[in-house]
Amino acid sequence: MATEALGLPFEATSAAAWMVWILPFAAALIMPAIGKASKNTTGYVAVGFALMSALSAASLLPVTLDASEVHHQITWIDSIGLEAGVLADPLSVIMANVVGWISFLIMIYSTGYMKGDKDITRFWFWMLFFIGSMQIIVLSDNLLQVFIGWEGVGLASYALISFWYRDKKKDHVGVEGRTVLGLLDYYSPTHAGMKAFIMTKVGDVMMIAGMLLIFLFAGTFGFKELMGDFAWAETMSAQGLLVPAFVLLFGGAVGKSAQFPLNEWLLEAMTGPTAVSALIHAATMVKAGVFLVARIGPIVFALGAAGILADQFFEIVAWVGAITALLLATQGMVNPEIKKVLAYSTGSQIGYMMMALGVAGLSQQYVDGYTAGFFHLISHAMFKASLFMAAGSLLHVVGSRFMTDMGGLRKHMKKTYAFMWAAGLGLMGAPFITTGFWSKDAIFAAVFESGSEWAMPLYAIAVLTAVITAFYTTRMIGLVFYGKPSKHIEKMEQEGHHIHEAPLSMWVPYGILAVLTIGVGIIGLSAEEGIHHLFTDFLEHSYGIHMVHHESGESILPGFLQGLNPIALGSSLIAFATGIGLGYVFYIGRWVDATKFVNSNIFFYAIHKTILNRWYLNAIIYWCFVVAPLWLARAVFRYFERTAIDYGMNDGFQKAVGWSARVVQGTQTGVSQSYLFVFGAGLLFVVLILLI
Amino acid sequence: MEYALLQAVFLPLLLSPVAYILGRKMGPTPAMWFTFAILLYTTILVINASLSGPTEEHYPWTDLFGEFGFLLDGLASPFAIMIYVLSTILALYSKPYMIHKFHEQFEEEQKTIQSTSGQSSIVESTSLTNYVNAKSGLYFALYLVFAMGMLGTVLSTNLIEFYVFFEVMLIPGFFLVALWGDGPRRKIGLMFLFWTHAGAVVLLLGFLMIGLTIGSFDFADIQESEIPQDIVLASAVAISIGLGVKLAVFMFHIWLPYVHGSAPTPISALLSPAMIGIGAYGIFRLIVEFLPSTFAELSIWFHIWGLVTMIYGGAMALMQDDLKRLLAYSSISQMGYILFGIGSMSALGLAGAEMMYVTHALGKGILFMMAGIIIVKVGTRSITKLGGLAGKMPITAVCAVIGALTIMGVPPTSGFMGEWILFYGALETAIEEGSTIRAVTFGLGLVATALTMSYILWMLKRVFFGKTPEHLEHVKEGSWYMTAPMMVLAGFTVVLGIYPDIFLKTIIPYMNGVLGV
């Protein structure tokens with residue numbers, strides 16, 4: 001190596017791997033000083049550092065080509081024998097690039113979106129902190145360091161969700177005054193940030209328990225070290241702790257990725273600036289959970305291959321993913337707020353990824369589901385970032401988060417309209433031309449072919465979710481861009497506000513991503529095969545997971561589609577057609593009035609209401625974990641702390657002393673006869689004792 | 001350096017009259033800088049001594065009690081360093097806060113004088129300066145004695161010496177609360193004196209049982225094997241109760257919310273992070289180190305007691321409206337963490353418990369200073385009357401968030417480094433012993449961290465975020481005397497969170513040694 005000749009302590013590539021996460025933190029640290037000097041330069045510095053971080057990630061790409069890896073460690077907590085390190089293998093390098101480049105585009109977008117905000121310095125600080133923390137998760141070589149990044153991401157999300165901490169009415173989410181089970185479904189930014197932080201903390205608590213269990217038996221947090229020798233896993237398995245430990249680790253991912261039952265924070269996270277939402281949903285935060293599962297999944301599978309089975313882990317992952325995918329997709333159909341629809345959609349799509357990663361472990365061919373899940377992560381990152389940024393433009397222009405306040409915008413915002421369609425098609429999985437199609441199809445095929453006992457129910461859920469996804473995406477686009485302009489827009493135009501396209505710095509980033517969604521989509525199949533090939537090598541090289549070669553029979557599909565599963569392909573096409581068709585009927589063609597349709601009979605009405613009330617899950621969680629504990633704490637405070645402790649012990653003690661003083665005082669009568677009497681009695685007593 | 005520890009302990013005591021005279025003659029600023037200089041010098045002595053490994057000094061005392069010594073080892077040095085670092089930094093913070101307090105009390109006294117005798121206030125206005133000078137002289141003198149009392153306790157090598165210092169820190173504490181506290185300060189001061197003194201007497205009882213049985217009070221001579229079983233157990237229980245009162249664990253916590261709520265804020269910021277944790281030091285030194293087999297018997301009770309305290313303190317903190325009382329209950333909860341860690345009976349659990357002391361000192365120090373700035377600048381401590389202060393006092397807000405993260409145990413603050421090690425220790429023992437109770441307490445303990453997070457975040461939300469009430473429109477940031485100390489502590493907690501080995505490398509070998517790992 002040339003760098004070694006220069007006398008550098010480590011190779012250039014490992015330095016680049018460190019830089020990927022150090023650079024954003026460095027920028028965050030200097031941000032306050034720059035903000036003090038000149039607020040206008042903060043944006044350039046932030047974007048510049050994000051670019052450098054992304055470039056460092058890009059410089060690692062050669063690592064992926066030959067499925068090699070860069071692993072570099074430094075001393076950290078020496079007294080416990082822990083080291084800090086970076087691990088750049090194909091998985092983390094691809095992820096680092098996805099995170100790095102999408103964050104970079106979002107940062108450019110933010111320069112337009114946040115223009116003129118007086119707290120801009122704080123915004124950049126936390127955005128950079130967010131990116132840096134995410135890159136720590138991606139590139140770390142051990143669980144403890146991952147956990148630090150993990151909490152950093154949680155902290156940054158807390159700060160950014162409640163970025164507009166003054167709790168102005170326009171920054172709230174939900175419909176004012178609406179209640180579910182007696183609790184307001186209307187949240188301020190600061191409440192939302194707190195909710196996100198505490199709810200993900202519940203997941204983190206599980207994760208740290210899982211981590212500590214593994215550390216206890218393995219004596220290491222390192223991913224490489226865990227693969228070294230499976231003695232730890234055997235002991236754990238013998239004690240019945242292996243599956244719990246991994247499931248607890250997955251608990252962290254459930255919280256961070258907003259999976260059922262810790263999904264409810266994601267909706268309120270929409271109080272943050274839209275650039276933040278884009279970052280949370282596309283690049284950082286929710287993707288962290290998927291990445292963690294992708295990180296530990298191969299270890300669990302390799303253990304299984306070595307005879308230490310932990311299949312329940314994969315079953316739980318797959319089912320949590322499936323339930324979330326369906327649960328959140330249904331809610332996307334009815335919500336009136338554009339960002340919330342996108343948020344539901346994210347949770348649902350992450351559910352797909354989890355399902356794929358879980359199913360992978362239940363099949364013989366681990367790499368299929370693994371690739372499908374990860375490929376979906378990449379394609380989702382592109383189209384969801386694009387959709388969110390486009391939605392941000394809409395909010396920016398219209399000044400309302402409700403889709404009912406939009407309508408007919410296609411004439412005024414042609415670019416946004418086109419890009420939103422392109423990205424939306426990706427989300428719907430439009431056949432053959434979008435990345436979303438290929439990645440979703442790969443998931444369908446992986447689930448269908450897994451041979452697991454749960455394959456069929458999971459497959460049914462996956463297809464149903466795809467129908468719903470296509471429907472709600474069409475609904476969203478229909479409501480925003482088609483039909484007549486809403487009263488709100490008419491009013492704005494009367495007041496002299498001209499509805500116009502978003503500025504250049506805003507539409508270019510989501511334009512790029514929308515174009516990429518289609519562009520990569522056209523070569524999607526070969527892209528997927530490329531990743532498949534890469535991961536086959538990677539899994540074999542790093543985890544010893546071998547690909548199983550099937551005797552491939554004659555495919556009934558023609559041409560380039562050969563090798564695809566015909567049933568998966570067929571159901572994917574049908575799902576797309578059904579969903580977009582229904583959506584067209586209600587929201588683009590507007591042949592049927594959706595409101596009238598829902599109110600047409602009690603059954604539809606009840607379903608609609610249940611879904612709109614978030615399946616009552618949020619309200620139940622609030623009653624059980626917020627209202628009830630507070631009530632209990634109040635009762636204990638009032639009836640125990642205040643009475644038993646305060647009055648009982650403090651005042652009681654004081655009174656007892658006072659009382660005994662009075663009793664003793666009573667003996668000091670000052671009457672000499674009584675003294676003499678007592679003296680005489682005492683004397684008599686003593687004499688009697690002596691006599692006896 | 002010779003006599004380093006002797007100087008570190010006695011210099012503040014000997015020079016406290018000078019601080020008094022300086023204050024009286026020249027005003028609060030020289031007295032403050034003088035106090036700061038002494039404490040800075042002695043802090044450097046302590047840090048320097050602990051860098052060169054375990055340090056011991058012995059001086060002849062009476063035949064009856066044994067030697068008068070100081071020991072700065074892996075256990076004592078984090079305690080000693082934190083105590084003096086906090087004392088030094090808070091000396092600066094004291095000035096603006098106490099001047100504010102003296103002015104308040106002066107007006108109060110004027111009112112009573114006027115209402116009783118109806119004197120004109122022309123003469124009085126000149127005497128305000130004298131009043132402030134006199135009071136600040138007294139304050140800084142007491143402050144120095146308070147600091148040296150705490151340090152002496154953690155350095156002592158003899159049971160009687162320990163007890164003496166234990167009481168020495170109590171007396172100035174009593175005066176500081178009774179003279180300049182808020183609310184019914186004399187009553188609360190007395191409550192503080194009575195409760196902690198009662199605890200100290202129980203402690204002394206335990207000491208006497210041990211000391212009279214083995215015929216020596218020197219730490220070096222205490223050998224469990226030489227003491228009859230029943231006496232060891234009885235004295236260990238007495239010592240635990242005595243120290244439990246100091247730690248303010250559940251059921252002995254009665255005095256703490258009153259005292260920490262009422263004490264002048266710099267003193268709260270010393271009482272809460274530095275002083276009550278000395279109870280934990282006592283348990284480490286006297287029970288874990290000297291009575292190991294008794295400790296093994298008692299550890300599960302410490303563990304459960306700690307857990308209950310953790311949850312109880314957290315739940316009560318949720319219900320507080322008074323900012324300082326909230327922090328006081330939070331301290332109770334944090335002491336629960338420490339006791340929980342001690343009860344884990346594994347080297348890393350104990351090390352985590354000691355790290356918790358350090359991080360709690362940093363985090364709670366910051367939060368109490370935050371409360372003090374709000375008291376001075378806003379004039380209220382009722383949380384319902386606050387809101388949206390982040391925009392008005394950004395430095396305070398940022399530091400408070402860092403302090404809050406430290407208490408919550410979120411990286412990159414030192415709180416996380418204490419917490420995971422602590423819980424790891426708890427888990428280790430649970431698995432090794434195969435004990436269901438310990439497994440359950442481990443789980444509940446982790447859940448309690450979510451409770452901690454809830455009350456802290458809710459407090460931040462109500463104080464710093466949300467709408468700004470109208471009466472807070474003109475609130476300004478605190479002076480540098482007040483914000484700079486906070487920033488220093490905030491810096492420490494982040495550095496320690498990234499590189500915890502600074503303390504762990506002295507703590508862990510000690511704990512391994514004690515448990516014979």
Side-chain angles (χ1 to χ4, degrees), chain A residues 25 32 75-80 119 122 133 144 147-152 154-155 158-159 162 165-168 188-191 193-194 197-199 201-202 204-206 208-209 211-213 215-217 239 241 625-626 629-630 632-634 636-638 640-641 645-646 648-650 653-654, chain B residues 191 194-195 251 253-255 257-258 312 314-316 318-320 348 351 388 390-391 394 401 405 408-412 416-417 419-421 423-424 427-428 431-432 434 442-443 446-447 449-451 453-454 457-458 460-461 464-468 497-501 504-509:
Chain A
F25 279 114
T75 332
W76 184 25
I77 311 178
D78 203 23
S79 42
I80 314 180
D119 292 323
R122 182 158 54 91
S133 302
L144 188 67
F147 192 80
I148 290 180
W150 196 263
E151 292 280 44
L155 174 60
Y158 164 67
S162 39
Y165 64 85
R166 289 180 183 85
D167 284 353
K168 290 183 183 132
S188 67
T190 50
H191 184 140
M194 206 164 93
F197 206 9
I198 294 176
M199 221 163 175
K201 173 80 177 180
V202 175
D204 297 350
V205 161
M206 292 191 253
I208 199 158
M211 263 168 61
L212 294 180
L213 265 174
F215 183 62
L216 182 60
F217 286 91
Q239 296 198 20
L241 288 170
F625 297 103
V626 180
L630 278 177
L632 188 69
R634 185 168 291 119
V636 172
F637 182 63
R638 201 169 284 167
F640 183 73
E641 177 77 8
I645 300 274
D646 255 12
M649 290 178 80
N650 245 342
F653 188 66
Q654 194 185 340
Chain B
M191 188 194 287
F194 280 146
W195 277 105
M251 295 308 285
H253 66 274
I254 313 140
W255 60 275
Y258 286 97
Y312 188 80
M316 292 306 102
L318 272 177
M319 288 299 121
Q320 302 306 313
L348 281 184
V401 168
L405 294 175
M408 292 189 286
V410 174
F416 173 66
M417 286 300 165
E419 234 170 82
W420 81 262
I421 296 172
F423 282 113
Y424 175 75
L427 181 68
E428 194 179 11
I431 299 280
E432 268 170 18
F442 165 75
L446 271 179
V447 173
T449 60
L451 175 67
M453 193 155 186
S454 311
L457 286 180
W458 196 28
L460 281 184
K461 173 174 148 60
F464 287 108
F465 308 133
K467 291 187 186 68
T468 318
I498 293 168
Y499 189 70
D501 235 18
L504 284 179
K505 74 180 172 210
T506 65
I507 297 174
I508 288 181

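Labels below follow one simple rule: chain letters A, B, ... track the order of the sequence lines, proteins then strands, and each chain is numbered from 1.
I77(A) CD1 to K505(B) NZ: the interatomic distance, rounded to the nearest 0.5 Å, is 12.5 Å. In this structure, CG in D167(A) is found 5.5 Å from NZ in K461(B), a value given to the nearest 0.5 Å. Separation of atoms CD (E151(A)) and CH2 (W420(B)) is listed at 14.0 Å; rounding is to 0.5 Å. With values rounded to the nearest 0.5 angstrom, L144(A) atom CG is found 5.0 Å from F416(B) atom CZ. Of the inter-residue distances, the one linking S162(A) atom OG with L457(B) atom CG reads 9.0 Å to the nearest 0.5 angstrom. Atom CE of M453(B) and atom CG of D204(A) lie 7.5 Å apart (nearest 0.5 Å).
Residues L460(B) and Y158(A) are in side-chain contact: their nearest non-hydrogen atoms beyond the backbone lie under 4.5 Å apart. Side-chain contact between M408(B) and F197(A) is present, with heavy atoms from C-beta onward closer than 4.5 Å. For the pair M417(B)/I148(A), a side-chain contact is recorded, criterion being any heavy-atom separation below 4.5 Å from C-beta on. Here the side chains of T75(A) and D501(B) are not in contact, with every heavy-atom distance at 4.5 Å or above.
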Q) Would H253(B) and I645(A) count as a side chain to side chain contact (heavy atoms under 4.5 Å, CB included) if you check the C-alpha gap in whole Å, the side-chain angles of each, and the deciding distance to 0.1 Å? A) CA-CA 9 Å; H253(B) 66 274; I645(A) 300 274; 3.9 Å; yes
Q: Could you walk me through whether F464(B) and T190(A) pass the side chain to side chain contact (heavy atoms under 4.5 Å, CB included) test, one step at a time?
A: CA-CA 10 Å; F464(B) 287 108; T190(A) 50; over 6 Å; no
Q: Test F637(A) against L318(B) for side chain to side chain contact (heavy atoms under 4.5 Å, CB included), laying out the working first.
A: CA-CA 10 Å; F637(A) 182 63; L318(B) 272 177; over 6 Å; no
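The greatest number of non-hydrogen atom pairs below 4.5 Å with chain B, out of L216(A), V202(A), V205(A), is found for L216(A). In terms of heavy-atom pairs under 4.5 angstrom with chain B, the leader among L212(A), L241(A), L630(A) is L212(A).
In plain terms, the two heavy atoms of L155(A) and P411(B) that are nearest each other are CD2-O, 4.3 Å. The two atoms that bring K201(A) and T449(B) nearest to each other are CE-OG1, 3.8 Å, heavy atoms only. In this structure, M251(B) and F640(A) approach most closely via the heavy-atom pair SD-CZ, 4.1 Å.
Partners of D119(A) by salt bridge (charged side-chain N to carboxylate O under 4.0 Å, His left out), not counting sequence neighbours, listed by chain and number: R122(A), R166(A). For D78(A), the salt bridge (charged side-chain N to carboxylate O under 4.0 Å, His left out) criterion is met by no residue, not counting sequence neighbours.
Side-chain atoms of W76(A) come within 3.5 Å of backbone N or O of I498(B) as a donor-acceptor pair.
Contacts between I508(B) and chain A at a heavy-atom distance below 4.5 Å involve the side chain alone, from C-beta outward.
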